[in-house]
K.L.:
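Once you've had a glance at the structure underneath, I'll fire off some questions.
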Amino acid sequence: MAYTLSLRSDGSEKVPYTHPEYPLYLSHALLSRACEGRVPFHWHDDLEILTVLSGRMNYAVDGEVFSLTPGSGIFCGPRHIHANYAQEGEDCEYLCLVFPMEVICPGEEFRRRYFPAFTGADAPACFPLNPGDPREKAVMDSLIDLIAARDAEDPALGFRMMRQLYAIGEQLFLRLQDLPRVQPPSDSRFLALRDMVGYVQSHYAENLCLEDIAQAGGMGKSNCSLLFRRYLQQTPMGYLCHYRLEKAMELLRSTDKSITEVALSAGFASQSYFAEVFHRAMGVTPSRYRRNSAKN
């Protein structure tokens with residue numbers, strides 16, 4: 001499944017839920033289908049669970065990077081800036097589940113009792129899932145079961161899906177009880193970073209410069225660059241270019257726009273510059289990428 005990203009008004013990701021009956025996103029993906037093997041940094045209000053099937057992956061959350069290998073995974077809480085990318089250029093096959101807490105906490109009493117463990121200011125941003133821990137393995141096994149039920153077109157998919165989601169919620173809740181609560185972040189610059197990331201994602205098609213991005217966070221260019229490097233391991237302009245390439249890839253896959261139209265729609269100043277940057281990032285021309293995507 002190819003990666004796409006759309007936004008809400010506050011800059012958070014509008015998760016493209018894959019099942020109309022339930023607000024959840026379920027994906028069996030390859031990092032090679034993302035630009036340079038990297039899903040851009042983003043954030044959303046939903047819980048995210050990921051497990052690696054083959055290859056290796058780096059998963060970054062709020063500036064901390066976790067190395068994931070086959071059989072391992074990670075849980076990421078809501079409203080944390082995160083991304084995943086391949087290690088040393090190798091491909092990585094993985095499963096991903098994204099869903100809002102409301103799915104497993106349907107009533108007011110449920111929410112009062114269980115929401116704080118996941119969404120409280122002192123809740124851990126994330127924690128790795130280790131197959132050696134029974135609770136963590138149960139979470140990943142439930143994710144694998146969800147994918148298997150979907151792919152088999154299980155006639156009782158809805159019941160099986162909800163059973164697994166509740167099992168995931170239960171095991172995550174119990175695991176969170178064992179983890180120390182964290183000190184709520186006091187660095188207001190992190191909130192500014194979310195504003196700047198959201199600004200880039202909302203205005204990527206415009207003629208942006210570093211000063212525009214910095215102003216969106218209410219800071220100078222130097223502090224903006226330091227913040228992007230600290231938390232995103234990219235420069236602001238590097239993040240902008242990568243995000244533009246992702247949007248261009250989406251247009252190449254899903255529209256019949258000309259290469260020039262795609263380049264301009266994604267914010268590149270010219271078709272020739274777009275083609276040069278795209279080939280450097282993907283190893284193929286935009287036209288070849290479009291033809292290859294049509295075959296898959």
K.L.:
For the pair Tyr114 and Phe110, name the ring-plane relationship: parallel under 30°, tilted 30 to 60°, perpendicular over 60°.
P.N.:
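It falls in the tilted class, 30° to 60°.
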
K.L.:
Kindly write out the residues that satisfy side chain to side chain donor-acceptor pair (under 3.5 Å) with Ser265, not counting sequence neighbours, or none if the list is empty.
P.N.:
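Counting only residues at least two positions away or on another chain, Ser265 forms a side chain to side chain donor-acceptor pair (under 3.5 Å) with Lys257.
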
K.L.:
Does the side chain of Gln234 come under 3.5 Å of the side chain of Tyr243 through a donor N or O and an acceptor N or O?
P.N.:
no

K.L.:
Do NZ/NE/NH1/NH2 and the carboxylate oxygens of Glu109 and Arg112 come within less than 4.0 Å?
P.N.:
yes

K.L.:
Would Leu24 end up clustered with Phe115 when hydrophobic side chains under 4.5 Å apart are linked, directly or stepwise?
P.N.:
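Yes, it is one cluster - the side chains of Leu24 and Phe115 are joined through contacts under 4.5 Å.
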
K.L.:
Please name all residues satisfying side chain to side chain contact (heavy atoms under 4.5 Å, CB included) with Ala123, sequence neighbours left out, ordered by chain then number.
P.N.:
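Counting only residues at least two positions away or on another chain, Ala123 forms a side chain to side chain contact (heavy atoms under 4.5 Å, CB included) with Arg181.
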
K.L.:
Could you verify whether a donor N or O on one side chain and an acceptor N or O on the other, from Glu48 and His82, lie under 3.5 Å apart?
P.N.:
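Yes - a donor-acceptor pair under 3.5 Å links their side chains.
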
K.L.:
Under the side chain to side chain contact (heavy atoms under 4.5 Å, CB included) rule, collect the residues that match up with Ala60, sequence neighbours excluded.
P.N.:
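Partners of Ala60 by the side chain to side chain contact (heavy atoms under 4.5 Å, CB included) criterion, ordered by chain and then number, come out as Phe41, Val65, Tyr85, Gln233.
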
K.L.:
Does Arg150 reach the main-chain N or O of Leu26 with its side chain, forming a donor-acceptor pair under 3.5 Å?
P.N.:
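Yes: the side chain of Arg150 pairs with the backbone of Leu26.
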
K.L.:
May I ask you to say whether Asp133 pairs ionically with Lys137, meaning some side-chain N is under 4.0 Å from a carboxylate O?
P.N.:
no

K.L.:
Judged by modelled atom types alone, do Thr260 and Gln271 share a side-chain donor-acceptor pair under 3.5 Å?
P.N.:
no

K.L.:
Apply ring-ring contact (aromatic ring centres under 6.0 Å, His included) to Tyr25 and Tyr17, showing your working.
P.N.:
CA-CA 4 Å; Tyr25 172 82; Tyr17 299 129; 8.3 Å; no

K.L.:
Please work out whether the ring planes of Phe75 and Phe118 are parallel, tilted or perpendicular, with thresholds of 30° and 60°.
P.N.:
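Perpendicular, since the angle between the ring planes exceeds 60°.
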
K.L.:
Hey, is the main chain of Thr255 close enough, under 3.5 Å, to the side chain of Arg290 for a donor-acceptor pair?
P.N.:
yes

K.L.:
If we ignore angles and hydrogens, is there a donor and acceptor under 3.5 Å between the side chains of Glu136 and Asn130?
P.N.:
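Absent: no donor and acceptor within the cut-off.
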
